[in-house]
Structure formats: structure tokens, C-alpha cells
Amino acid sequence: MAVVAVMATGCSNSSTADGESTPSTTTSVAAAKPTGTPIGTATMQVTGGAGPVTIRYSINGAPEQTETDVTLPWSKDYPVYDQVQSSVSAKGASACTITMKGMLVAMKNEADPTCTFAYYG
């Protein structure tokens, strides 16, 4: 039986409404990757907002990464490891979600949302 822990945070990956990638600035710090086999893939998404936004995210407990001047909607797929938290937040956006295996596991509809998710299987 799988238990899922959820907390609200943000999203990553820049694209326009027609699916084209948009330029953004990414800042990151190298970090060790989790060990073992990923248990699946999740998708962070950020939507809403009138102009370019700043997105901050951390995947599998790694240091936070920042993308600036991002045009929404934005999404980022990432591998999910057991008992490791990932999160996303977006300054200037109005919603974020994290989905895994077709299920909504985190969602926040508010100004400058934050989505957080950790899988415990």
C-alpha cells in the first residue's frame, strides 16, 4: 500500500500556449542525486499570471533552482524517489499542481503558489 504526503509549492519548464519553448534564466547548484531506482515520474505545472514569472523548485531534496522571466504555462517532469520531497513555487503566478501516474498529488490556487510532494511507498 502506498501512502502519499502532499504539501503545496510551485512548478518548472517553460513553454508557450502553442508548445514552443520560451527562453528563461535558470540558476542551480550541483547536488548529489538520490540513490536507487525511481518509483515513477511526476510533473510540476505552473499556470496563471499576466507576465513573466519567477519559478523556484527543488527536486528530490536537491538545492533550489530558479528560473526567471518564464512565460506560462510552465511544466517540468522529474523522477520520483521514495521518501524524498520535491517542491515548486512561482512568484507572479496564480496556480501550481504536481501530478503523478495521472493523479493530482498537490494543488494550490492562490497568488504566488507553492506545491510540495513526497512519495512514501
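Defined by atom type and a distance below 3.5 Å, a donor-acceptor pair is present between the side-chain atoms of Gln65 and Tyr57. Judged purely by distance below 3.5 Å, without hydrogens or angles, the side chains of Arg56 and Thr66 pair a donor atom with an acceptor atom. Side-chain contact check for Thr41 and Asp77: no donor-acceptor pair (N or O, by modelled atom type) lies under 3.5 Å.
Remark: the backbone N or O of Met103 is not paired with any side-chain donor or acceptor of Thr99 at under 3.5 angstrom. Of the possible polar contacts, one joining the Asp112 side chain to the Gly92 backbone as a donor-acceptor pair under 3.5 Å is found.
Counting heavy atoms from C-beta on, the side chains of Met44 and Tyr78 come closer than 4.5 Å.
The line from CD1 of Ile98 to CG of Leu104 is 9.5 Å long, rounded to the nearest 0.5 Å. Rounded to the nearest 0.5 Å, atoms CD (Gln85) and OG (Ser58) are 7.5 Å apart. Going from atom CD1 of Ile59 over to atom OH of Tyr81 covers 11.0 Å, rounded to the nearest 0.5 Å. Once rounded to the nearest 0.5 Å, the distance linking CG of Asp82 with OG1 of Thr37 reads 11.5 Å.
Between Ala93 and Thr47, the shortest heavy-atom distance links the atoms CB-O, 3.6 Å. Closest approach of Ala90 and Ile55 over heavy atoms only: CB-CG1, 4.1 Å. Closest approach of Ser86 to Asn60, counting heavy atoms only: OG-N, 2.7 Å. Between Pro113 and Cys96, the shortest heavy-atom contact is CB-SG, 3.7 Å. The minimum heavy-atom distance linking Ala95 with Asn109 is given by the pair CB-OD1, 3.1 Å.
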- Hey, mind stepping through Phe117 and Met100 against side chain to side chain contact (heavy atoms under 4.5 Å, CB included) and telling me if it holds? CA-CA 10 Å; Phe117 170 65; Met100 182 174 170; 3.7 Å; yes
